Amino acid sequence: MEEVVERIMFTEEQISQRVGELAEQISRDYKGKTPLMVAILKGSVMFFADLTRKITIPMEMDFMAISSYGNAAKSSGEVKMIKDLDKKIEGKDIIIVEDIIDSGYTMRYLKNMLLARKPASIKICSLLDKPSRRETEIVIDYKGFEVEDEFVVGYGLDYAGLYRNFPYIGILKREIYE
């Protein structure tokens, strides 16, 4: 499988350590509260599972699926809701858990949609932040790593549905997606 990766950006060990640090911070910040952790499918699944297992306070879970990529390497800018929340969020503290934020359009759309449902608060937790691609303002409250403008795969991140199962995050070779 490594033949599709140009180089490893973050090892399994680096990811595990950073996820633990994020879980500690969330546990401290929400002490005495019960946040609703919302995983954005499918990319955040591995991150979400590892993060929530390390959080030491009571919490709830729910899932959403949103797409703005399809099978392309670049966001189409058009956001499509595939699966909405099962729970009502009015009055709840929400933490959206995402794999990567680049242009920011999908997260802005999602946050605005959820704000209309009157939660007590909404925070964003993203494993990766790609600020060089940002086209709209978005605040990431809990950030794992900042990444350069490369196409990354592994640890839940995919290209055309493939490579999510790598235990690390690597840069996809350009010849695969160009």
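Model, not experiment: these values are computed from the prediction.
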Applying salt bridge (charged side-chain N to carboxylate O under 4.0 Å, His left out) as the test, list every pair that has at least one member in residues 107-120; sequence neighbours left out. D84-R117
If we ignore angles and hydrogens, is there a donor and acceptor under 3.5 Å between the side chains of Q25 and Y142? no
Going by heavy atoms in the side chains, are M9 and V147 under 4.5 Å from each other? yes
How many angstroms lie between CD1 in I100 and OG1 in T106, if you round to the nearest 0.5 Å? 11.5 Å
Side-chain donor-acceptor pair under 3.5 Å between D99 and Y155, yes or no? no
CG on L128 to CG on D102, rounded to 0.5 Å: 10.0 Å
Below 4.5 Å, heavy atoms only, C-beta onward: do S103 and T136 meet side chain to side chain? no
Y163 vs L157 side-chain heavy atoms within contact, under 4.5 Å: no
Counting only N and O atoms by type, is there a donor-acceptor contact under 3.5 Å from the side chain of Q17 to the main-chain atoms of Q14? no
F145: which residues meet the ring-ring contact (aromatic ring centres under 6.0 Å, His included) condition with it, sequence neighbours left out? F10
Could you pull out all residues at least two apart from S16 that satisfy side chain to side chain contact (heavy atoms under 4.5 Å, CB included)? K54
Show every donor-acceptor pair shorter than 3.5 Å between a side-chain atom in residues 34-46 and any protein atom, with sequence neighbours excluded, or say none if there are none.
| unit_1 | atom_1 | unit_2 | atom_2 | d |
| --- | --- | --- | --- | --- |
| S44 | OG | I40 | N | 3.1 |
| S44 | OG | I40 | O | 2.7 |
| S44 | OG | V97 | O | 3.3 |

Salt bridge (Lys or Arg N to Asp or Glu O under 4.0 Å) partners for E21, two or more places apart: R18
Which residues share a side chain to side chain contact (heavy atoms under 4.5 Å, CB included) with R174, sequence neighbours left out: E150, Y177, E178
Step-by-step side-chain contact (heavy atoms from CB on, under 4.5 Å) determination, S126 to F47: CA-CA 9 Å; S126 184; F47 174 45; 5.8 Å; no
M64 side chain near L110 side chain, heavy-atom distance below 4.5 Å: yes
Taking atom CD1 of I96 and atom CG of D141, what is their separation to the nearest 0.5 Å? 9.5 Å
With rounding to the nearest 0.5 Å, note down the distance linking CD1 in I169 to OG1 in T11. 9.5 Å
Straight-line distance of S121 OG to K92 NZ, nearest 0.5 Å: 12.0 Å
I want to check something: taking the side chain as every heavy atom from C-beta on, are Y109 and L114 in contact at a cut-off of under 4.5 Å? no
Provide the closest heavy-atom pair for L127 versus V19 in the form atom of the first, atom of the second, distance. CD1-CG2, 4.5 Å
Roughly how far apart are E24 CD and D29 CG, rounded to 0.5 Å? 11.5 Å
Donor-acceptor pair, D158 side chain versus R164 backbone, under 3.5 Å? no
Would you say the side chain of L172 lies within less than 4.5 Å of the side chain of I176, judging by non-hydrogen atoms? yes
Counterpart residues, side-chain hydrogen bond (donor to acceptor under 3.5 Å, both in side chains), relative to E12 (two or more places apart): none
How about K130 and F151: do any of their side-chain heavy atoms sit closer than 4.5 Å? no
Do K80 and I66 have side chains that get closer than 4.5 Å, going by heavy atoms? no
Go through the steps to decide whether I124 and I101 satisfy the test side-chain contact (heavy atoms from CB on, under 4.5 Å), and finish with yes or no. CA-CA 10 Å; I124 297 169; I101 297 177; 3.7 Å; yes
If the condition is side chain to side chain contact (heavy atoms under 4.5 Å, CB included), which residues does T56 pass it with, not counting sequence neighbours? S27
Restricting to salt bridge (Lys or Arg N to Asp or Glu O under 4.0 Å), what partner residues turn up for K83, sequence neighbours left out? D86
Test of understanding: with salt bridge (Lys or Arg N to Asp or Glu O under 4.0 Å), list the residues that count as partners of K143, not counting sequence neighbours. D129, E146
Quick one: list whatever passes salt bridge (Lys or Arg N to Asp or Glu O under 4.0 Å) with D93, sequence neighbours left out. none
Across all chains, not counting sequence neighbours, the ring-ring contact (aromatic ring centres under 6.0 Å, His included) partners of F63 are F48
